[in-house]
Structures are given as C-alpha cells and as structure tokens.
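Okay, structure first, notes after.
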Amino acid sequence: MPRINSVEDLKKLKEQALDKIAVRLQGEDIDSLTQIYVGMDESGMQAGAKEVFHHIWSAVSGKPVVVLQTAKIGDFKEPAIKVVRPGQHAATVFEGVTIDKANEVISEFVEKGNPIEGMIAATHE
Amino acid sequence: MINLKIDGKSVSVPAGSTVLEAARALNITIPTLCHLDLHDTKMVNKAASCRVCVVEVKGRRNLAPACATPVFEGMEVITNNIRVMEARRIVMELLISDHPKDCLSCRKAGNCELQDLSELLSLRGHSISGESVSTYKKDITPSLIRDMDKCIMCRRCETMCNEVQTVGALSGINRGFNAVVSSAFELPMDETVCTHCGQCVAVCPTGALTENDHSLKVYEALADPGKTVIVQTAPAVRVALGEAFGEEPGSIMTGKMVAALKHMGFDYVFDTNFSADLTIMEEGAELLDRLDKFLNHQDTKALPILTSCCPAWVNFIESQFPELIHIPSSAKSPQQMFGSIAKSYFAEKLGIDRKNLVVVSLMPCLAKKQEAHMEQYSVDGNQDVDLVITTREFANMIRQMNINIHELPDMEYDDPLGISTGAGMIFGSTGGVIEAAVRTAYELKTKHPLEKIEFEQLRGFEGVRLGHVDVDGFTLNIGIAHGLGNARSLLEEVRDGNPREIHAIEVMACPGGCIGGAGQPYHHGNSDILKARQKAIYEIDKNSKLRKSHENPAIIELYKTFLGEPLGERAHQLLHTHYYVKEKV
Amino acid sequence: MNYKMQILVCGGTGCLSSESEQIVKNLKHEIKKNNLTEDVRVILAGCFGFCEKGPIVKILPDNTFYTQVKPADAAEIIERHIIRGHKVERLLFVEPETQEVISDSKHMNFYKKQQRIALRNCGFIDPSDIEEYIARDGYAALAKAVTEMTRDEVVAEVKNSGLRGRGGGGFSTGLKWEFAKKSVSDEKYVICNADEGDPGAFMDRSILEGDPHSIVEAMAICGYAIGAAEGRVYIRAEYPLAITRLQKAIDDARAYGLLGKNIFGTDFNFDILLSFGAGAFVCGEETALIHSMEGERGEPTTKPPFPAESGYWGKPTNVNNVETLANIPVILLKGSQWFKTIGTEKSSGTKVFALAGKINNVGLIEVPMGTTLREVIYEIGGGIKDDRQFKAVQTGGPSGGCLTEKDLDTPIDFDNLITKGSMMGSGGMIVMDETDCMPAVAKFYLEFTQEESCGKCTPCRIGTRRLLELLEMITDGKAEMRHLDELRRLSRVICDTALCGLGQTAPNPVLSTLDAFWDEYVAHVKDHKCPAGRCEKLIRYNINDKCIGCTACARKCPVNCITGERKQKHEIDQEKCIKCGACYSACKFNAIDKM
C-alpha cells in the first residue's frame with residue numbers, strides 16, 4: 001500500500017489511478033471528445049473489425065479520442081468505422097478500414113482535419 | 001450580573017442563573033413538578049421533563065422550561081399569558097390522563113405534588129380524550145412500596161439513587177408511552193442493590209414510591225389484650241415530629257411525643273437513645289480493642305473501624321464493597337440492640353414470654369423496616385423488633401386517634417430502658433455516633449475525664465469531613481460521611497491504600513444523618529429544615545444531665561446484672577451480628 | 001490496467017434487493033468464459049438513483065443505460081453488446097411521454113434537471129477502492145485545507161458557501177463549525193450522524209454505501225477546522241453494508257496515511273471510530289445521539305449547553321449529517337462562490353431527495369435548491385402513477401407536512417417549505433393521489449413517532465399517544481366534531497412544549513393535513529365516510545342492481561350478513577358487516593360497490 005506523506009504523493013497516486021476510471025471519465029465527457037465507432041456484428045467481426053478496434057484503441061491512447069464499438073454501421077465495406085467530432089451530430093464514415101487505413105484516418109483526418117479518399121459523410125448517428 | 005425582565009418587572013441575577021431562580025428573586029413562583037434542588041446535599045434534578053414550568057421567552061419560537069433555561073442579557077419572559085396558561089393546563093391534563101384516579105385511597109393524598117398542582121390550576125374533570133394507561137406490577141418490600149402506575153417520569157428518584165447515593169438501583173426503562181423508572185430487569189427491589197435507604201421515597205412527588213405503612217398492625221397489637229406492647233423512639237423523631245403539626249422545624253417535642261405514645265396505649269415507652277448508649281459501650285470497647293491491636297500488635301487490618309448502626313449503609317457495603325466486609329463494627333444497631341435486650345432482659349423482668357411482647361420502634365427511617373424484618377434478628381421465628389413506624393405514620397396515628405398533641409402535658413420515659421444520655425441523643429445527626437463513641441473511648445482509654453465534652457471538629461453539614469482527636473498523644477483520624485455517594489468516596493479511599501490513615505469512619509446514608517431520614521416529614525427540598533433539626537439535636541445534648549454513655553446508670557445496671565462485660569460472651573450473643581456479601585443486580 | 005470497456009452495475013438499496021450482486025457475478029462469469037478479462041471490467045458501484053427502473057447496468061464508455069436487468073440477461077449483454085457491439089434493445093429505457101428510446105441517461109427526463117454533487121461519485125466509482133476516489137480528486141480538499149489554508153480560512157469558506165444542515169435542521173454548517181472552533185478544550189470531537197431514521201429514507205445510506213470516503217475526508221477537514229483529533233460516526237446497526245464499506249474506507253485511509261498522525265506531513269492528527277445505533281429514531285437527535293454513544297439511555301437533554309460547547313464526554317463536539325459532510329470536499333475544491341451559484345439565495349447547493357409514493361419514477365434524486373415541486377413531480381418524477389390525480393406531497397418525513405396543488409410551483413428550499421406548513425426534513429418526498437386518505441396518513445406518522453418517542457417529556461410521551469388515539473377515533477368513525485378542535489389544540493401545545501425535535505415536530509403531519517384537508521376530516525367525523533376509500537371501518541359495501549342473485553357473496557361472507565333468495569338481488573346487513581371485503585372480491589358481476 002503506497003503511503004501518502006505529502007501533497008505530491010497524492011498527486012502522483014491520482015495520476016496512476018486515473019487509468020482505473022479512464023473509460024468512465026471518457027463516458028462522462030463524451031460530448032467533448034472525438035468519437036470513433038468501429039462497426040461489429042457478425043460481418044464486421046469476420047472482416048477483422050475486432051483487431052482494428054484494438055489497434056485504434058492503443059493508437060489513440062492519451063489523445064482526446066474515445067473508441068467505441070457499435071452494431072453494423074450500414075451498407076459499407078467492412079471493417080467500417082465512423083468518426084464524430086466533439087459537439088457535432090454528423091458522422092464521417094470510412095469503409096474497408098484496415099490497420100494501415102486506420103492509422104491514416106487517425107493521423108490525417110482526426111488529428112489534422114484533412115479529408116481522406118473514400119470517406120463518406122453521413123448525417124445519421 | 002445579567003439584567004432581564006419577567007412579567008414586566010426588572011431583575012438582576014448572576015450569570016448562569018435559570019429563569020426559575022430569577023423569578024424567585026422577584027418573588028414570582030413559577031409552578032414546577034420534576035424540578036428539585038437540594039444543592040446542599042448535591043442533589044439537583046435537572047431533567048426538565050415534566051414541562052409544567054414552561055414560560056414564553058421573547059424571540060424564542062417555542063416555550064422554554066424555566067428550571068433549565070439560563071438567563072441572558074435583555075431577556076424578556078412572560079410566565080402567565082394565555083399561551084403559557086393553556087400549555088401548562090394541557091401538560092397537567094396529559095399527566096393526569098395517564099395516572100390512576102385513586103386519590104381517595106392513595107398513600108400520598110394530601111402530600112402529593114401532582115395533586116397540589118392540579119388544585120393550583122383548578123383542573124376539574126378530565127378533558128383529554130384517550131384511554132390507554134401504562135401499568136406495571138406493584139413491588140412491595142418491607143420498607144417501601146413501588147406503585148409505578150403513578151410514576152410521572154420526573155427522574156428525581158433516579159437522580160437521587162444514581163448521583164447522590166451512588167447505589168444505582170433505579171433507572172429509566174422502556175421507551176415511549178411505557179417508559180418508567182424501575183429496577184434492573186424490573187426485579188423486586190429486594191433482589192437488587194437497593195439499600196432501602198428510602199431517599200427515593202423522600203423525593204418522589206407522587207404516590208409512586210411510598211413507605212410500607214405498619215400503623216394498622218400497631219393498632220392491632222395495641223388492641224390485643226394478650227400482648228404487652230412497648231415502643232422505642234429514635235433520637236431524630238422528636239426534633240421533627242412538630243413539623244407535622246405546624247411547629248417550627250427544630251422544635252423539641254420529646255415530652256409531648258412520650259405523652260402521645262402513652263395516650264395511645266403503649267404499655268411502656270422507652271428510648272432508643274438508651275440502646276444507643278448501649279451501642280457505644282459495645283462499639284467503644286471494640287474501637288479500643290482494635291486500636292490496641294493496631295498500635296501494639298501491628299495488625300494493620302484491625303483499623304479502620306466503621307460504624308454499623310445505619311442498615312442502608314450496611315446493605316451498601318455488603319453489595320458494593322464486599323472486599324471491605326471485615327471492617328464494620330460487629331455491633332448491632334441501636335434499634336436491634338433494643339429489641340434483643342427487650343425480648344430477653346425486659347421480658348424476663350416482666351415474667352412474660354418473648355412472643356407476647358411486641359416491640360415497636362418509632363423511626364425516621366425506612367431501612368429500619370427492612371432491618372427489623374431480617375431473619376438474623378429473630379429467635380425461633382419471633383423478630384426482636386416486630387414493627388417499625390415512621391415519624392410520618394406516627395403523626396397520622398396521632399390525628400386518627402383524635403389526640404391533640406399541642407395540649408398534651410410533657411411526660412417522662414419509663415424505667416429502665418428509657419434512661420439515656422446526651423451521647424445517645426446525638427446519634428440522630430451526622431457526626432453524632434462517632435462523637436458519642438469518642439467521648440466514651442477517650443475516658444476509658446486515658447482514664448481521664450474529658451475537659452470538653454463537645455467535639456466540634458466532628459460536627460457540621462459538609463458531605464465528607466475529616467476530624468482529629470488527640471487520645472493520650474495519639475491522633476485518632478476520623479472520617480465522617482453522610483449520603484451514600486460521600487460514603488463511597490471515603491470507602492474508595494480506604495480500599496485504595498488509606499493515604500490519610502483514617503482510623504474510624506462514621507457513615508449515615510441520609511442527608512444530615514437520621515434527621516434527614518426518609519420517614520421524616522417531607523422537607524420538599526428545603527435544607528434549612530435539616531439544619532434546624534440538627535441544631536435541636538445538639539441543644540438537647542447540651543441540656544442533658546448525663547452526656548457520656550458509660551455514665552448511664554441503667555446501662556451500668558444492665559451490664560452488672562445481665563450482660564457481664566462489653567464484648568463478653570452474652571454481650572456478643574445478644575448485641576453483635578455478622579455481615580454477608582450480597583451478589584445483587 | 002487499461003480496460004477498454006467497463007460495466008457499472010448499480011449496488012443501491014433497491015437494485016441490491018433485486019439481485020444486482022448476482023448480475024455482477026454472472027457478468028464476470030461470462031467475461032471469463034469469453035476471455036475478455038483483460039479488456040472488460042465489472043464494478044458494483046453505488047446508487048444510480050433511478051430505482052423505479054432498476055436494476056441498472058451502465059456500459060462505458062458508450063454510456064448505454066440498461067434498465068430492469070435480470071441476472072439471466074448477463075449472457076446476452078456480454079454476447080451482443082460487449083462482443084458484437086450491438087445494444088440489447090429490450091433493456092433500453094423508453095421515455096413514457098414521447099415513447100423515445102434513450103440510451104444515454106443524461107437525455108432522460110429523470111436526470112435532465114438533476115445536479116449530482118453530494119452523489120457525485122455514487123454510481124461512478126467502486127466504493128471499496130480508495131484509489132478510484134483519489135482519481136476523482138479524493139482527499140485533494142483535505143490536502144488543500146491542511147497545507148494551504150488556516151483553520152479560520154476553512155471555517156470561513158464553509159460559512160460563505162451558505163451550506164445548511166441537510167439532516168433537516170437547516171442550521172448554517174459554517175456557523176456550527178465556528179462555535180466548536182471557538183470553544184477552548186484540549187479534546188474535541190467530530191461526529192457524523194449516520195442514524196438516518198425517517199421511514200423510507202435512504203439518502204445517507206446511498207452516500208455511505210456508494211461514496212464512503214467523502215465522509216472520511218469531510219470529517220478530517222472538519223477536525224482540522226475546529227481543532228479535533230477524534231472523529232466518530234454514529235451509524236445505525238440496520239445498515240450493515242454501509243458499516244462494512246465505511247469501515248473499509250477508514251481502514252484504507254489509515255493504511256494510506258490519510259488518517260492517523262501527521263496527515264500530509266503536517267502536525268495534524270485525526271482518526272475515526274464507528275459507533276453503532278441500537279434501533280432508536282430518537283437517537284438521531286444530536287444530544288440523544290451523544291448520550292447513546294456514552295453508553296447512557298438515548299434521551300435528549302436541554303440545550304443550552306449546545307454540543308459545540310459541551311458534548312461528547314462534556315467536550316466541544318460538532319455533529320453533522322452525512323449529506324452535509326458529503327458537500328464539504330467539493331466546496332473546498334471548487335470554492336464557496338461556485339457553491340453559491342447553485343440553489344437559492346438563502347439555501348445554496350443541492351438537496352438529495354428520496355422520491356416515493358404514487359409516482360412513476362420512484363428513486364433517489366439530487367436537485368438544485370429552487371427547483372419547483374412541479375418540476376420534481378412531473379418532469380423528474382414522470383407524473384402520477386396510473387394516470388391518477390395528484391392529491392398531496394409529503395415532505396420531511398414524520399416531522400413534515402403535506403403540500404397540495406396550490407403549492408406545486410413553490411421553489412424547494414428550507415424557508416419556503418416552512419412557510420407552506422411543512423419542512424425539508426432529511427429529504428423524504430412522498431407523492432399521494434386520490435386513493436390516499438389524509439387522516440390515515442397523519443395516523444401513520446403518529447404511529448411511528450409514538451413508537452419512537454423516548455418517553456422522557458410529558459407532551460411527547462403522553463401527548464402523542466392521545467393524538468394517535470384521536471386519529472384512530474377519526475379513522476374508525478367514532479369521533480365527534482369537538483375531537484377535531486381537540487386535535488388542533490393538543491397538537492399546538494405539543495409543538496410548543498416538547499423537549500426535543502421529535503416531539504416538537506410530531507404533530508406537523510396532523511396540523512398540515514387538518515389545514516389543507518379539513519373537508520376530508522369532517523367527512524370522516526360527520527358523515528362517517530372515507531372519501532379515499534381507505535379507512536376499513538368506514539368502508540360500506542353495497543349490492544347494486546347488477547346483482548343476479550348467484551349467492552357467491554353470501555357463501556363467502558364470514559359473518560353471514562348477506563341475505564337474499566337465489567336469482568334475487570341480495571342485501572348486506574350493514575350492522576353486522578365487518579368490512580372484510582370478501583364479498584367484493586367474490587362478486588364476478590361488479591354488483592358490489594365499495595364506498
């Protein structure tokens with residue numbers, strides 16, 4: 001058991017403990033984070049959506065991005081993901097997202113705001 | 001000093017005073033019920049539970065209990081507007097609605113504070129709807145009767161038993177409507193640590209706690225032609241009896257008391273002061289004997305010696321300090337010594353069987369009723385003392401027999417058991433027993449007559465006192481306590497090493513000694529009455545012809561012709577007793 | 001350990017008794033079965049508050065809020081939602097007014113107007129884990145207090161926040177702390193009153209079970225401010241889970257050095273011990289509580305002296321309610337000015353209420369002071385159950401009164417409720433419809449206060465019994481009009497003369513219903529009728545013309561008071577009828593009217 005003997009000790013422990021409740025904090029602040037949904041269901045999982053999900057999850061660690069699973073996004077080539085900007089309703093869908101494509105989506109679209117070939121604007125949630 | 005207004009009148013009182021005290025300073029009497037302040041004997045009942053004394057305080061949302069509300073600067077109090085009057089009436093009606101309606105046959109009728117308040121407020125008939133009443137099993141002991149249906153939860157008995165007497169036999173039990181003050185597990189008092197001191201009876205405002213009245217049995221004995229009925233009178237009775245007939249506290253009624261008893265039909269009227277002298281003979285000898293063992297034979301266990309004439313005190317040691325059970329004097333109390341001598345020596349003199357001699361004692365005390373009842377003070381099922389009546393019961397008997405006490409001429413006690421000395425007289429006050437013992441012990445030990453008969457250093461009203469007496473160069477340290485709480489502190493001191501080297505201790509369970517006994521006319525919290533009675537005791541002693549027990553000719557005669565030597569075999573058999581450790585709840 | 005998803009299961013009072021612990025077990029089992037233990041974690045959290053729809057299961061980070069979950073649903077939740085990303089539609093909440101399916105609770109009418117401050121961590125953290133509390137800024141307020149602020153500054157901050165006692169007294173918390181600080185003594189005590197006794201109240205319980213560290217931290221802050229090194233929690237023995245959680249919190253705090261000697265490296269020492277109640281509502285009164293802790297009979301004593309001057313063992317003592325304390329750490333961290341922006345001018349902050357009765361959304365809510373009763377009942381509460389009519393709302397438990405239709409737009413705060421004849425109390429709010437009988441409601445509360453009276457003072461010991469007897473006469477149809485006057489008179493005197501709050505407020509339900517529902521009382525007395533149809537002795541069963549004489553009722557009647565030939569309309573002898581209702585239940589033709 002770590003002993004807290006000073007304010008610094010407390011601050012350090014808080015930093016470490018944030019991991020335990022990280023996804024809960026994300027859920028609380030979800031409207032101020034970029035949301036990346038990865039479509040699952042049978043078809044998605046067969047196309048490898050689970051691996052994409054895990055990959056994206058690790059890749060955005062520490063960034064103001066929350067990664068969530070969702071049901072089949074729509075009639076898109078799977079694995080399909082959809083990105084929602086903070087405070088907006090409109091989503092941008094990306095289909096056929098491999099691990100490499102996922103990296104591109106993150107670095108180009110999410111972080112820099114640049115469009116990517118093949119992205120589809122969708123107004124549904 | 002705090003300045004406030006009560007009913008429009010201004011008054012200044014010290015900070016910390018209550019509204020009740022401030023009102024008193026203005027001669028405004030706010031009615032109270034549960035409140036009781038005997039601060040001279042450390043008894044202040046602060047429950048504030050009856051709510052009779054409520055008053056209106058400007059700026060306060062609800063009514064305030066005057067007995068427990070401290071004054072503040074600029075306070076404005078009204079004690080008698082319609083809001084307060086209605087509240088007081090309804091509180092009283094509530095109390096009465098849960099109270100048995102048998103005033104006509106209640107022991108306390110005429111002396112009941114609930115009844116007095118009901119009269120004060122002109123309560124006529126019951127206007128509070130609702131029928132449930134809380135009922136409990138009656139507890140009848142030889143000394144007191146508990147009829148808790150009449151308890152109003154004033155907590156005076158609890159405060160007295162736990163905080164003043166430190167006995168701990170009573171406490172509030174149950175919750176809500178059925179809350180009442182009772183013993184542990186609602187056991188009969190005989191099975192608890194109750195010492196029968198009866199101080200709870202002395203403070204109870206209603207008929208919940210009363211004495212076990214023996215007067216009917218006394219009438220029966222007096223009417224029985226086959227019985228010779230004799231009576232002994234305790235010293236404390238004669239200085240308090242007058243109060244029951246409108247006399248000033250401290251009036252000396254000895255002659256009239258004897259006359260009343262003779263008029264009632266007692267065959268012989270004797271004096272407990274006589275057996276008090278007898279007690280001194282035995283206890284004085286024992287004191288000297290143990291002092292001798294202590295000084296000359298290095299027997300550290302021989303002292304201190306404790307007086308043992310107060311039965312409540314004896315009960316207290318037996319149930320609360322079993323490890324000290326060897327230190328009280330083995331002498332019986334004057335009441336029991338009298339009974340023992342009466343049923344042997346005197347019965348023999350009269351030529352009658354002890355069963356046909358009825359010994360009645362007139363006492364200020366309730367514990368004496370329990371003491372008289374004990375098996376160890378009987379022979380073949382016949383008690384040494386048959387009946388005990390208290391001063392209050394006696395006063396009632398006088399009235400019932402149409403005797404006008406004021407017009408009685410003074411009469412004298414009978415021989416031989418009516419002859420006594422001033423030393424026997426002072427038994428009635430705290431410090432008196434040990435002073436009487438010292439008067440005799442001093443002369444017997446030093447073989448010199450006393451220069452001064454009074455021992456002022458042993459007198460007073462403080463709860464715990466320490467006096468020193470020089471006996472031939474040896475300083476005798478004497479501890480004196482009245483009230484069992486004070487006795488406890490002395491006993492603890494002795495138990496925990498006796499640092500002040502106390503050699504002798506006198507304890508009386510009641511405030512002021514026997515003069516404050518639970519059978520005396522009610523003092524209702526006025527300790528000036530106790531002080532007046534005490535003063536009278538010492539005055540009778542001062543005006544007595546004989547003032548030392550060993551100079552009592554009847555006592556000398558008794559030893560010569562019947563008893564032999566003090567502490568001798570016959571004396572031991574008749575006048576000494578044993579103590580038993582009691583495991584009580 | 002970075003979990004990708006977490007499942008929070010409500011461990012509040014209601015959900016726990018609906019097997020939420022079994023749901024946790026089943027979820028864990030399914031997670032293990034599917035090798036997801038690295039990615040998904042299940043936590044039994046505190047009370048979410050939406051008791052009507054419990055057991056609640058919330059999936060993070062997508063905030064899916066599942067309602068009325070059963071242990072058997074665990075497999076589907078894991079299989080569909082966790083593995084395949086597909087929400088389990090049948091467990092989602094449907095807003096009754098709009099029929100809208102709402103997945104995130106912050107869009108629900110029940111939650112929209114709430115602001116959870118005292119309940120900030122309930123339903124969010126694992127209450128047994130001190131580190132989760134620390135992750136949410138736990139103990140940062142204590143650190144700030146003892147290392148950056150003087151004792152006077154702490155007291156001033158609490159005073160300026162306007163925080164008032166949430167146990168019902170509504171006294172300024174900061175002022176109470178100031179009195180205790182001013183008293184000079186080598187020993188002082190901080191006591192947390194966790195004896196929550198109002199029937200049906202579970203506000204404090206939820207805080208103790210869902211966020212026990214908030215109390216530990218708050219008590220330590222109080223100890224620092226007033227100069228006490230010892231804390232005590234007087235907790236009712238009927239809360240075993242709260243006791244376990246609180247004891248764990250204290251043990252952990254000690255092990256981490258947050259209780260004990262030299263807290264945060266300063267010379268401030270503080271520790272806490274638990275004391276247990278023994279089943280007495282009256283021991284929630286601070287002086288009775290203190291006497292109970294001292295081993296004496298739990299009876300209140302007169303004030304003055306106040307505990308701040310002379311309390312536990314005669315030492316200066318500060319007694320605060322659980323919910324009051326739960327607000328302290330937040331006030332110190334976010335500042336008194338922030339706290340004052342919430343609520344009304346004289347009642348700042350929020351209040352936790354246990355919303356119950358004839359309302360659609362029964363549960364635990366926390367709203368800013370100033371929210372109106374209408375908003376609470378109709379928006380948060382979802383309106384009256386079964387489409388019945390609102391009749392009254394009782395606030396303040398056995399010490400409170402009833403508010404009616406005309407009071408619905410009253411902004412809730414300490415003073416407003418008192419002017420309307422009730423009081424905030426500790427937060428009970430019971431909604432009533434036309435089938436509730438107001439004299440019977442008053443009787444119910446009197447039965448409670450009579451049972452719980454300590455018996456010390458005359459007006460409460462005997463007076464409340466007489467009040468109860470009068471109410472029994474009224475509901476039995478045996479009263480006369482003069483008894484109503486007596487009821488009022490006696491009630492006023494009891495309020496005026498009782499020694500403690502229990503007795504002083506016991507007549508409130510009577511007085512407020514007498515005022516607001518006089519006609520209903522008169523109906524009971526003059527007409528021997530109970531308009532709400534509740535008082536058994538006043539119910540009349542009458543056979544109407546629909547009767548075809550099947551004799552079913554006559555055969556069921558236990559006292560043989562129904563007469564009639566076969567195929568002829570039957571008749572009930574009202575004198576003999578014992579109002580058992582057996583005939584009413586037996587009739588298949590609606591031929592018996594209950595009036």
Side-chain angles (χ1 to χ4, degrees), chain B residues 16 18 33-34 46-56 60-65 67-70 72 83-99 126-134 151-155 158 162 171-181, chain C residues 278-283 296-305 418 447-474 478-480 482-483 485-487 489-505:
Chain B
T18 61
L33 185 52
C34 67
K46 287 197 250 192
S49 59
C50 71
R51 315 311 277 185
V52 167
C53 69
V54 287
V55 292
E56 182 175 286
R60 179 170 161 151
R61 180 185 54 89
N62 61 353
L63 297 175
C67 66
T69 305
F72 57 80
R83 176 186 175 198
V84 171
M85 301 285 278
E86 185 179 54
R88 204 168 282 150
R89 285 184 79 83
I90 291 198
V91 164
M92 277 299 295
E93 289 191 17
L94 284 173
L95 280 170
I96 292 175
S97 79
D98 186 25
H99 200 85
H126 320 295
S127 68
I128 296 270
S129 302
E131 276 159 20
S132 42
V133 288
S134 38
C151 174
I152 57 166
M153 282 296 266
C154 72
R155 321 304 278 273
E158 187 181 358
N162 294 339
S171 173
I173 62 166
N174 299 342
R175 193 164 80 189
F177 193 68
N178 291 316
V180 75
V181 177
Chain C
F281 175 69
V282 71
C283 287
E296 312 236 341
R297 210 172 130 81
E299 284 175 334
T301 42
T302 47
K303 299 191 271 200
I418 289 179
E447 278 167 355
F448 178 76
T449 36
Q450 237 287 296
E451 170 83 29
E452 296 294 331
S453 164
C454 73
K456 178 168 174 177
C457 74
T458 311
C460 185
R461 178 178 78 247
I462 309 179
T464 55
R465 171 61 66 103
R466 300 295 172 230
L467 278 185
L468 182 58
E469 285 169 337
L470 282 167
L471 285 167
E472 277 166 1
M473 282 168 72
I474 291 169
K478 299 211 176 89
E480 295 164 28
R482 65 182 170 89
H483 290 126
D485 291 329
E486 200 179 322
L487 200 59
R489 215 170 103 238
L490 189 53
S491 294
R492 288 226 182 92
V493 171
I494 294 174
C495 286
D496 228 4
T497 56
L499 195 150
C500 84
L502 191 157
Q504 286 159 10
T505 59

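Within every chain, numbering begins at 1; the chains are lettered A, B, ... in the order of the sequence lines, protein sequences first and strands thereafter.
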Quiz prompt | Toward chain C, the part of B:Ile90 with a non-hydrogen atom under 4.5 Å | solution = side chain
Quiz prompt | Largest heavy-atom contact set with chain C, pairs under 4.5 Å, which of B:Thr69, B:Ile152, B:Val180, B:Leu95 | solution = B:Leu95
Exercise. Could you look at B:Asn174 and say if it's the side chain, the backbone, both or neither that has a heavy atom under 4.5 Å from chain C?
Key: backbone
Quiz item: With respect to chain C, which residue among B:Ala48, B:Gly172, B:Ala68 yields the maximal number of heavy-atom pairs within a distance under 4.5 Å?
Solution: B:Gly172
Exercise. Heavy atoms only, distances under 4.5 angstrom: which of C:Leu468, C:Asp496, C:Val493, C:Ile462 has the most pairs with chain B? Name it, please.
Key: C:Asp496
Exercise. Pick out which of C:Glu480, C:Arg466, C:Glu469, C:His483 makes a side-chain contact (heavy atoms from CB on, under 4.5 Å) with B:Ser129.
Key: C:His483
Quiz prompt | Contacting region of C:Leu499 [heavy-atom separation from chain B under 4.5 Å] | solution = both
Self-check item: Spacing of CD1 belonging to C:Ile494 relative to CZ belonging to B:Arg51, to within rounding of 0.5 Å
Solution: 12.5 Å
Quiz item: Quick one: are C:Thr458 and B:Asp98 in side-chain contact, heavy atoms under 4.5 Å?
Solution: no
Quiz item: Going by an N to O cut-off under 4.0 Å, is there a salt bridge joining B:Arg155 and C:Glu299?
Solution: yes
Self-check item: Interface moiety of C:Cys460 toward chain B, non-hydrogen atoms closer than 4.5 Å
Solution: neither
Exercise. Determine the option with the most heavy-atom pairs under 4.5 angstrom with chain C, choosing from B:Gly130, B:Ala179, B:Ser171, B:Cys34.
Key: B:Gly130
Self-check item: Within 6.0 angstrom of B:Lys46 NZ, more than 12 heavy atoms from elsewhere
Solution: no
Quiz item: Any chance the side chains of B:Ser132 and C:Arg465 put a donor and an acceptor closer than 3.5 Å?
Solution: yes
Quiz item: Between C:Thr301 and chain B, which part of the residue has a heavy atom less than 4.5 Å away: side chain, backbone, both or neither?
Solution: neither
Quiz prompt | Atom group of C:Ala498 that falls short of 4.5 Å from chain B, counting heavy atoms | solution = backbone
Quiz item: Checking heavy atoms, do the side chain of C:Arg461, its backbone, both or neither come under 4.5 Å from chain B?
Solution: both
Exercise. Find the one option among C:Gln450, C:Gln504, C:Glu452, C:Arg492 whose heavy-atom pairs under 4.5 Å with chain B are most numerous.
Key: C:Glu452
Self-check item: Side chain, backbone, both or neither of B:Val91 within contact of chain C (heavy atoms, under 4.5 Å)
Solution: both
Self-check item: Minimal non-hydrogen separation, B:Asn62 against C:Cys495, with atom names
Solution: CB-O, 4.1 Å
Practice problem: Measure from the side-chain N and O atoms of B:Arg175 to the backbone N and O of C:Gly455, and report whether any donor-acceptor pair falls under 3.5 Å. | Solution: no
